[in-house]
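Below is one structure, written out as structure tokens; comments come after it.
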Amino acid sequence: MYNLDLVTIAIIAANVIISLKGFDDRLFFEKYKFNVGSIRRGEQIRMFSSGFLHVDTTHLLFNMLTLYFFANTVIVELGQFNFIIIYIASLVFGNLLSLYFHKEEYWYSAVGASGAVTGILYAAILLRPDMSLYMFFVPIPIPGYVFGIGYLLYSIYGMKKRIGNIGHDAHFGGAVGGYVITLILDPSLFKTDLAHIGLLAIPIIILFVLYKTGKLQ
């Protein structure tokens, strides 16, 4: 899990270089961040470029460490090319969900690789649901699929309550992207791990129901 593939190195390097540029150049940061008003005026490049910008070094470090821990699982199982597809698709899925939920908030802005990284995390859990994850405040290992379900349920709660300065909708959208694209790329999972596929779909179904019933806001 801790081997660093060349593709992972390239993505981390791109995030670091572009984020550092954004730290030092405010005009650059403002030009390429996710902003609803700008995107609706036609600046679709922000849907992609914002995923390589970060607020500060802590934000950047957290996302890159998460990517570091889970990238190799996806690469080993699906290959480098498919890993890149999942990463980019998750980034876009995350921003699309953010745009959808904030489409009338022209001032809404966001940055970060969280959507893409969450997609890789969810893809890794889907591919190896029996993996064990450790949290700082939990002294026992947590099964991957339990963590995945819990993470998305918390994201729904965060979206509903608007907890903190965090793009919970981008996290959720990224996870959905990782989930859907992984199943498209590896449909054999439907034969070998249907139970976990169903369990990991629970938060997605809950979000859909809450939205349809008007209980998300």
With sequence neighbours left out, the residues meeting side-chain contact (heavy atoms from CB on, under 4.5 Å) with S38 are N35, R41, E43, R46
Residues joined to V209 in its hydrophobic cluster, side chain to side chain under 4.5 Å directly or through other members, sorted by chain and number, are I205
Exercise. Do S50 and N95 have side-chain N/O donor and acceptor atoms under 3.5 Å apart?
Worked result: yes
- Look only at the side chain of Y32 and the backbone of F52, and say whether a donor-acceptor pair between them is shorter than 3.5 Å. no
Would you tell me whether H102 and D169 have side-chain atoms, one donor and one acceptor, within less than 3.5 Å of each other? yes
Sorted by chain and residue number, the side chain to side chain donor-acceptor pair (under 3.5 Å) partners of T182 (sequence neighbours excluded) come out as none
Closest non-hydrogen atoms of M47 and I39, given as atom of the first, atom of the second and distance, are SD-CD1, 3.7 Å
Cluster membership besides F208, Ile/Leu/Val/Met/Phe/Trp/Tyr side chains within less than 4.5 angstrom, sorted by chain and number, is none
Sorted by chain and number, sequence neighbours left out, side chain to side chain donor-acceptor pair (under 3.5 Å) with Q44 holds for none
Exercise. Indicate yes or no for a side-chain donor-acceptor contact from N82 to the backbone of L78 under 3.5 Å, with no hydrogens or angles considered.
Key: yes
**Q.** K21 to F23 six-membered ring, cation-pi geometry met (6.0 Å, 45°)
**A.** no
Residues at least two apart in sequence or cross-chain that pass side-chain contact (heavy atoms from CB on, under 4.5 Å) with V180, listed by chain then number, are V176, I184
Across all chains, not counting sequence neighbours, the side-chain contact (heavy atoms from CB on, under 4.5 Å) partners of S90 are I86
Do side-chain atoms of K103 reach the backbone of Y100 as a donor and acceptor pair under 3.5 angstrom?
-> yes
Sorted by chain and residue number, the side-chain contact (heavy atoms from CB on, under 4.5 Å) partners of F81 (sequence neighbours excluded) come out as I85
Across all chains, not counting sequence neighbours, the side chain to side chain donor-acceptor pair (under 3.5 Å) partners of T192 are none
For Y87, the side chain to side chain donor-acceptor pair (under 3.5 Å) test, sequence neighbours excluded, returns N15
Residue pairs meeting salt bridge (Lys or Arg N to Asp or Glu O under 4.0 Å), one or both in residues 48-77, sequence neighbours left out, come to E77-R128
Contacts of K31 meeting salt bridge (charged side-chain N to carboxylate O under 4.0 Å, His left out) (sequence neighbours excluded), chain-then-number -> none
